[in-house]
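Given the structure is predicted, the values throughout are model-derived calculations rather than measurements.
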Amino acid sequence: MQQTGLSPDFGFLERAEAAGPFNAAECFQCRKCTNGCPATFAMDLYPDQVIRLAILGRKEEVLHSKTIWVCASCETCSTRCPNGVRIAELMDYFKELAVRLGIPSPEPAVTALHQTFLENVRYTGRVFEGALLPVFLLRSGQLGSKLEKGTWRDEVKLGWQMFRKGRLALVPKFIQGKGEISSILRPSK
């Protein structure tokens, strides 16, 4: 963990718990969450460290960390926690808070995937894979590097295999309650 000169916000965890509750104060740093997390290799802080920083009111460090964006919300951490700390949900809350406060994500590709996924579901009411990957590659800027390296062929080959097995539609299928889904996922102001 890096030390910073930031002053603690002792109401940070209290406000988070009001949005939850996540039971973060119950954490006694046993590290079962961190030891079971499949994404720690890509994190700058371990899940137990994020909880500890939140308890200490280190809002800026929590909201600027890569960890909250790298967390896949698989809930392995929450399942392993002996004290019922809802870690994955807390990470989601921190992501939402960072977006609301305009804090840029240190993982822009993850943010691009979130935005692309939500727009995709908002438009069709469900995921339409035929548009999800191309739009994500464009938005994240990865299409250029794939064209440069020639790895785009791997993507096309995978897409063709999925299409042949009936796992990739060329036209989206809309659901009946699409309007309800769209209103739930409308961008917040």
Side-chain angles (χ1 to χ4, degrees), residues 1-122 127 132-133 135-142 181 184-189:
M1 258 185 279
Q2 279 186 327
Q3 293 289 328
T4 64
L6 303 174
S7 58
D9 176 357
F10 294 114
F12 179 55
L13 185 61
E14 208 171 285
R15 290 189 300 276
E17 289 295 343
F22 307 108
N23 307 324
E26 301 298 320
C27 176
F28 56 62
Q29 298 288 298
C30 69
R31 302 193 66 167
K32 285 187 87 169
C33 55
T34 295
N35 292 333
C37 177
T40 54
F41 68 92
M43 295 177 170
D44 58 348
L45 299 170
Y46 294 131
D48 65 291
Q49 292 174 318
V50 170
I51 301 293
R52 188 71 182 148
L53 288 170
I55 290 170
L56 294 173
R58 307 294 293 258
K59 175 181 166 185
E60 295 300 320
E61 289 170 82
V62 169
L63 298 181
H64 285 88
S65 73
K66 284 174 51 175
T67 300
I68 63 173
W69 292 98
V70 170
C71 172
S73 299
C74 69
E75 300 207 8
T76 301
C77 52
S78 302
T79 303
R80 292 174 55 95
C81 180
N83 287 346
V85 178
R86 296 161 61 182
I87 303 160
E89 293 175 47
L90 185 59
M91 296 289 184
D92 285 341
Y93 169 77
F94 289 146
K95 275 183 244 179
E96 289 176 26
L97 184 59
V99 169
R100 272 190 269 136
L101 295 175
I103 297 171
S105 168
E107 293 292 324
V110 174
T111 308
L113 180 61
H114 279 270
Q115 290 171 336
T116 306
F117 180 84
L118 290 175
E119 286 174 7
N120 190 302
V121 172
R122 191 178 305 127
V127 175
L132 182 70
L133 186 60
V135 172
F136 167 70
L137 290 174
L138 278 171
R139 176 174 277 157
S140 67
Q142 295 183 26
I181 298 294
I184 291 169
L185 298 176
R186 76 175 180 272
S188 60
K189 296 178 182 173

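- Separating the CD1 atom in I103 from the CD atom in E60 is a distance of 5.5 Å, to the nearest 0.5 Å.
- Residues T116 and L132 meet the side-chain proximity criterion, which asks for heavy atoms closer than 4.5 Å.
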Tell me which donor-acceptor pairs under 3.5 Å the side chains of residues 31-38 have, and how far apart each pair is, sequence neighbours excluded?
unit_1, atom_1, unit_2, atom_2, d
T34, OG1, D48, N, 3.2
T34, OG1, D48, OD1, 2.4
N35, ND2, R31, O, 3.2

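- Using a 4.5 Å cut-off on side-chain heavy atoms (C-beta onward), D44 and S65 make contact.
- Contact of the T40 side chain with the P47 side chain is registered, since non-hydrogen atoms from C-beta on lie closer than 4.5 Å.
- A distance of 12.0 Å separates CD of E107 from OG of S140, quoted to the nearest 0.5 Å.
- L101 is listed as a side-chain neighbour of L63, based on a closest heavy-atom distance under 4.5 Å.
- You'll find the side chain of K95 reaches within 4.5 Å of the side chain of H114, heavy atoms only.
- S78 OG to R80 CZ: the interatomic distance, rounded to the nearest 0.5 Å, is 11.5 Å.
- Rounded to the nearest 0.5 angstrom, L13 CG and R58 CZ are separated by 14.5 Å.
- Among residue pairs with one or both ends in residues 7-33, those qualifying as ring pair (Phe, Tyr, Trp, His ring centres under 6.0 Å) are F12-F94, F22-Y93; sequence neighbours excluded.
- Contact annotation: the side chain of R15 approaches that of D9 to within less than 4.5 Å [non-hydrogen atoms, C-beta and beyond].
- Going from atom CD1 of I87 over to atom SG of C81 covers 5.0 Å, rounded to the nearest 0.5 Å.
- Under the 4.5 Å side-chain criterion, counting only non-hydrogen atoms from C-beta, N23 is not in contact with N83.
- E14 places none of its side-chain heavy atoms less than 4.5 Å from the side chain of E17.
- Considering only residues two or more places apart in sequence or on other chains, Y46 meets the ring pair (Phe, Tyr, Trp, His ring centres under 6.0 Å) condition with none of them.
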